[in-house]
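Computed over heavy atoms, backbone and side chain alike; hydrogens, waters and symmetry mates excluded.
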Amino acid sequence: TMHSSLLKSLLIYFCFYISSLGTFFFWFSLNGTVFHWEVLYSKQILLYMMASYSSPAFFIQLLQARFDFLLDRKFGRMRTFRARMVTLLTVIIAISVSVPFLPENPPNLALFLSLIFFTGMCSSAGYGTLFQLVALYPKTATSFLSLGYASPGVFLLLISHIIFGADPSIQNENSIYIFFGTVTAVVIVGLLSFELLLFLSSSQLREAPYKTIVREIKRASHQVTNIQSSQSVVTPVVREIPDNKEILKIIWKSALGIVLLMISRVSVYTNLTHVPSQNPTDHSFSQRLIYINLGGDLCGRFLTVILPRLPDKWASTIVLSVILLQFSTVNVALVYIFGNDMMKPNDVVAMIFVSIFALANGYLQTQSYVYAAVGVNDKFRTQVGALMNVSTQVGNFLGIALSFSCYFAFVI
């Protein structure tokens, strides 16, 4: 029995990993072919892509944080989780299939960015659903979920090298169709993995959390009524359902940390296409930096699985302190990226800095999520996941605003 329980736990962690991988694989495939989009559009296309992708995410996460309890109460978590993920990933699959057939002469930028807009809407809602589900499991599950988010870069590097070759500028007419066909297959596997995850989580999702909490509060209220009949001063014996403001008072350190991390990540990541190369003819240097960034982020998240756990009591404070230190490096990165006249380009320095920066960001972001729910009642952990995702999108928005500010200040 103990052996079978261990195997089930490992299978659940693996399903979280594959589901997260499939949810974001298409989006990162667009990042992984950024050289192709630069040729079709402009050097600033990555910044426009990030803006289109992130613009609907904040509102989606805010709606999830506000209305998920109502959906759970009416339909139950099993039905709401399945309905959301099947619908969202089906839309992503349809977009992935359609991208290779976009008109290229002339490039239709509005159509391309609108597809990315809907991709951002679906991916953010899907990730929010996964985080609400992972909140019902131990912290290790959160690490595997974050690991799946960061893994597409490694797989896409391998796939793109096989399909496009060493030089991404050399493509045959069928390569883009093969590439996005492979991407679509991975998204489908992610959807099937989520279905298996729901099956394995049936005991946790059998009853909607709202019904359970309301029943406990009614029982507690009855106890309070009995006490009031015999005492003039009454001390409440149970806390009612907390609203989002009350939960934020508990998780504010983790939420602030996520905001700062996303500002630094997005502001640097979206401007990698402007990093100068020592070799003026090396047009794919920005593509390599993007893969290095994704690989470093993956390694950082993997460290949360293999390194010792931080003490729960001080974890959020320790993580936030390191985040503030890491956030100070953003200015250094942006000066290097845009200070072409002040600094001589060095490819090795740029690659080392991007890898360390991404590794620290991935590690700290995962730790912020892992320790956010410390001190929060288990019944309310789905709300914690939703609020942390809102914080992520706030950081995304501010990071994109900083990126546009740098672009207009230094480039135009």
**Message:** Test your reading of the model: is there a side-chain donor-acceptor pair from Ser193 to the backbone of Val189, 3.5 Å cut-off?
**Reply:** no
**Item:** Side chain Ser267, main chain Ser264, donor-acceptor under 3.5 Å
**Value:** yes
**Request:** With sequence neighbours excluded, tell me which residues meet side chain to side chain donor-acceptor pair (under 3.5 Å) with Thr366.
**Result:** Arg301
**Asked** Hey, does the side chain of Ser55 reach the backbone of Ser52 with a donor-acceptor pair shorter than 3.5 angstrom?
**Response** yes
**Prompt:** Distance from Cys15 atom SG to Leu192 atom CG, nearest 0.5 Å?
**Reply:** 10.5 Å
**Prompt:** Taking C-beta and beyond as the side chain, do Asn396 and Thr392 meet within less than 4.5 Å on heavy atoms?
**Reply:** yes
**Item:** Listed partners of Tyr53 passing side chain to side chain donor-acceptor pair (under 3.5 Å), at least two apart
**Value:** none
**Request:** Tell me, please, which residues at least two apart from Tyr291 pass side chain to side chain donor-acceptor pair (under 3.5 Å).
**Result:** Ser160
**Asked** Is the centre of the Phe131 ring less than 6.0 Å from the centre of the Tyr369 ring?
**Response** yes
**Request:** Please name all residues satisfying ring pair (Phe, Tyr, Trp, His ring centres under 6.0 Å) with Phe194, sequence neighbours left out, ordered by chain then number.
**Result:** none
**Asked** Do the rings of Phe25 and Phe155 sit parallel, tilted or perpendicular, given the 30° and 60° boundaries?
**Response** tilted
Residues 140-150 side chain polar contacts: donor-acceptor under 3.5 Å, at least two apart:
unit_1, atom_1, unit_2, atom_2, d
Thr140, OG1, Arg309, NH2, 3.3
Ser146, OG, Thr142, O, 3.2

**Prompt:** Counting heavy atoms not belonging to Phe302, are there more than 12 under 6.0 Å from its CZ?
**Reply:** no
When the side chains of residues 86-103 are checked against the rest of the protein, which donor-acceptor pairs come out under 3.5 Å, sequence neighbours left out?
unit_1, atom_1, unit_2, atom_2, d
Thr87, OG1, Ala83, O, 2.8
Thr90, OG1, Val86, O, 2.5
Ser96, OG, Thr184, OG1, 2.7
Ser98, OG, Ala94, O, 3.4
Ser98, OG, Ile95, O, 2.8

**Prompt:** Side chain of Trp37, backbone of Leu30: donor and acceptor closer than 3.5 Å?
**Reply:** yes
